[in-house]
2 protein chains.
Amino acid sequence: MAGMDEIDHRILAALVADARATYAEIGADVGLSAPAVKRRVDKLQDSGVIRGFTAVVDPEVLGWNIEAMIDVYCQGRISPAELRAAWLPIPEVVQASTVAGSADAVLRVRARSVPHLEETLERIREAAAIERTESTVVLSRLIERG
Amino acid sequence: MAGMDEIDHRILAALVADARATYAEIGADVGLSAPAVKRRVDKLQDSGVIRGFTAVVDPEVLGWNIEAMIDVYCQGRISPAELRAAWLPIPEVVQASTVAGSADAVLRVRARSVPHLEETLERIREAAAIERTESTVVLSRLIERG
DNA sequence: AGTGAAATGCAGACTGT
DNA sequence: ACAGTCTGCATTTCACT
């Protein structure tokens, strides 16, 4: 985005802290009226700085206890857009990135059980032209932020 | 949480999709009145299933353009708690997990530039008794959720 | 869990700087 | 261009059924 001043950054921080905060509350924090805050938030969304608003849910509570990282090796060249389209419908895929390393992409997957993880792996492999995958199971989550 | 029925799950899904959706909108989706939805959301928050609501911000725009995943190989046995304590003060570390694989831990790091990434790597290595690290730079973020 | 009413917050148009 | 005020309308929130 072109001009992002101090106030925009403070509005962003407020929304990251609580996405359901009212415009008036944010305005009180940053010293602006509610309509002024809304105008800025709208611009921030239109320009792509704010991608959206989500609820952060405790995965443990829902029984999605097991997590794994999957290195994916593709056959030939597949565009990032194709990979994204292939994996987006799989809800177990929490994170996907293309990387500059020996692997082509790295996924982060959450599942309820080992059989569930295995089934998810199968669906990931079927979704695109994939040569092989290498999975490493997460033992404990030390840090989670950003 | 004790009793989480189908409707609770659908409310969760709606809030994950858009944390600023109104209770009336969610109620229309799940077949409940707005006050009923609010009561369920409040309970979901009190019981810890919903940890909060945040805005998802494009990191590129804020200048934290480069991201890397770091496989860490430790010397001897280090407890997860020690690793956490060592890396928590480093703000560039966005995610850290111990894993069951050839590496002992995997970090996800965000930096403003390659020199900044290098400096962060140095600090990560100094923070604990580490044998060696293997970094892979992220080319593009395909999916980011959960 | 639904209903209805009061309080609150939102979104648009308008004005001033 | 950007902030403030006003206003009609939607939403939240409470008491009650």
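It should be emphasised that the depicted structure is a prediction, and the values quoted were computed from it without experimental measurement. Chain identifiers are assigned alphabetically (A, B, ...) following the order of the sequence lines, protein sequences preceding nucleic acid strands; residue numbering begins at 1 within each chain.
Comparing the local axis fitted to the first five base pairs of the helix from C:dA1-D:dT17 to C:dT17-D:dA1 with the one fitted to its last five gives a bend of 30°, rounded to 10°.
At C:dA11, one or more side-chain N or O atoms of A:Lys38 fall inside 4.0 Å of OP1 or OP2 (strictly under the cut-off).
Taking 4.5 Å as the limit, every side-chain heavy atom of B:Lys43 sits out of range of all side-chain heavy atoms of B:Val49. Put simply, the side chain of A:Val137 does not reach to within 4.5 Å of the side chain of B:Val99, judged on heavy atoms. Residues B:Ile143 and A:Arg84 form a side-chain contact, since some pair of their non-hydrogen atoms from C-beta on lies under 4.5 Å apart.
Side-chain N or O atoms of A:Arg10 include one that pairs as donor or acceptor with a backbone N or O of A:Asp29 at under 3.5 Å.
Annotation: the span from A:Thr54 atom OG1 to B:Glu144 atom CD amounts to 11.0 Å, rounded to 0.5 Å. Between the CG atom in B:Leu12 and the CG atom in A:Leu62 there is a gap of 6.0 Å [rounded to 0.5 Å]. Atoms CD and CG, from B:Glu92 and B:Leu121 in turn, are 10.5 Å apart once rounded to the nearest 0.5 Å. One distance of note links CD1 of A:Ile66 with CG of A:Leu117; it measures 4.5 Å at 0.5 Å rounding.
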For this session: Assess whether salt bridge (Lys or Arg N to Asp or Glu O under 4.0 Å) is satisfied between A:Glu60 and A:Arg141, documenting all intermediate values.
Result: CA-CA 11 Å; A:Glu60 307 274 340; A:Arg141 284 179 278 279; 2.5 Å; yes
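A donor-acceptor contact closer than 3.5 angstrom is absent between the side chains of A:Arg125 and A:Thr120.
Here the side chain of B:Pro35 is nearest to one of C:dA1, C:dG4, C:dG12, namely C:dG4.
Contact check of residues 17-33 of chain A against DNA chain C (heavy atom, cut-off under 4.0 Å) returns A:Thr22, A:Tyr23, A:Ala24.
On the nucleic acid side, DNA chain D contacts chain B at distances under 4.0 Å to non-hydrogen atoms, with the end points of that region at D:dT11 to D:dC14.
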